[in-house]
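Protein chains get the first letters and strands the later ones, always in sequence-line order, with residue 1 at the start of each.
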Amino acid sequence: MSAHGTLGERQGRFARIYAVVRRIPRGRVASYGQVAALAGLPGRARLVGYALAALPDGSALPWQRVVNARGEVSPRAEPGRDHYQRHLLEEEGVRFDSGGRIDLGRFGWTPRGRPRAGG
DNA sequence: GCAATGACGCTCT
DNA sequence: CAGAGCGCCATTG
């Protein structure tokens with residue numbers, strides 16, 4: 001095995017983050033800070049974003065359900081990639097306003113039980 | 001080892 | 001609500 005820091009071991013480091021993201025139900029979104037807190041890394045929202053950025057192109061992880069605390073799809077370095085995330089969320093039923101923001105009070109995921117706003 | 005970067009969040013103005 | 005500043009930590013040059 002490698003001396004230190006292979007790709008496999010790197011996933012082990014963010015395994016907590018990936019586990020939380022995988023728990024996000026379809027049609028709902030969670031913020032980076034929320035995922036970090038649930039993963040046991042409060043205040044380390046950046047790590048969540050970095051962990052998701054390290055994901056492979058064909059990952060089965062619902063990374064598209066992770067947005068920033070403002071309910072916006074964070075702009076990525078490559079143009080068009082942000083549009084793809086929004087497209088996936090819209091397919092799940094997530095609605096965007098004119099400003100491209102999501103109502104976290106309605107589509108925000110809560111691991112304890114949603115407030116059943118619209119329903 | 002240092003400096004710069006990045007899929008962020010909170011506080012102050 | 002919007003903009004600017006600071007903190008956060010892993011990766012890269």
Side-chain angles (χ1 to χ4, degrees):
Chain A
M1 302 314 180
S2 307
H4 54 256
T6 50
L7 182 62
E9 295 201 358
R10 184 173 64 195
Q11 288 190 339
R13 203 175 308 277
F14 300 125
R16 302 284 297 180
I17 297 175
Y18 296 142
V20 174
V21 176
R22 212 181 282 274
R23 285 176 57 190
I24 305 174
R26 182 174 174 277
R28 222 105 66 201
V29 296
S31 63
Y32 296 90
Q34 187 175 1
V35 174
L38 292 171
L41 304 169
R44 279 69 177 175
R46 293 225 71 171
L47 276 303
V48 177
Y50 198 91
L52 295 179
L55 287 172
D57 203 9
S59 181
L61 207 75
W63 55 267
Q64 71 271 26
R65 294 170 193 159
V66 183
V67 296
N68 59 29
R70 306 202 73 170
E72 273 185 324
V73 176
S74 242
R76 277 87 57 252
E78 293 184 41
R81 195 59 85 179
D82 48 338
H83 179 81
Y84 179 59
Q85 181 174 2
R86 172 171 174 166
H87 175 74
L88 291 174
L89 291 175
E90 287 183 325
E91 293 240 313
E92 296 186 357
V94 179
R95 300 284 305 211
F96 288 78
D97 60 19
S98 306
R101 292 199 298 267
I102 306 169
D103 186 354
L104 296 180
R106 221 167 63 175
F107 300 100
W109 172 54
T110 52
R112 301 158 48 80
R114 45 215 152 75
R116 291 181 176 268

(request) Encode nucleotides 6-13 of chain B as B, S and - characters from 5' to 3', where the letter depends on protein heavy atoms closer than 4.0 Å: B to the base, S only to sugar-phosphate, - to neither. (result) BBBSS---
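Counting heavy atoms from C-beta outward, A:W63 and A:L88 have side chains that approach closer than 4.5 Å. The side-chain heavy atoms of A:L89 and A:F107, taken from C-beta on, include no pair separated by under 4.5 Å.
The shortest heavy-atom contact between A:I17 and A:A51 is CD1-CB, 4.0 Å.
OP1 or OP2 of C:dC9 lies within a sub-4.0 Å distance of a side-chain N or O belonging to A:R44.
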With a cut-off of 3.5 Å and sequence neighbours excluded, list every side-chain donor-acceptor pair involving residues 32-45 of chain A.
{"from": "A:Q34", "atom 1": "NE2", "to": "A:W109", "atom 2": "O", "distance (Å)": "2.7"}
{"from": "A:R44", "atom 1": "NH1", "to": "A:P42", "atom 2": "O", "distance (Å)": "2.6"}

Protein-nucleotides 2-4 of chain B N/O pairs under 3.5 Å:
none

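The side-chain contact (heavy atoms from CB on, under 4.5 Å) test applied to A:E91 returns A:H87, not counting sequence neighbours.
Within the structure, no pair that satisfies the salt bridge (Lys or Arg N to Asp or Glu O under 4.0 Å) test touches residues 17-26 of chain A, not counting sequence neighbours. Annotation: salt bridge (Lys or Arg N to Asp or Glu O under 4.0 Å) contacts involving residues 47-69 of chain A, sequence neighbours excluded, comprise A:R65-A:E92.
For A:E72 and C:dG3, the CD to C1' distance is 14 Å, given to the nearest whole Å.
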(request) Would you please test A:V20 and A:V48 for side-chain contact (heavy atoms from CB on, under 4.5 Å) and show each step? (result) CA-CA 10 Å; A:V20 174; A:V48 177; over 6 Å; no
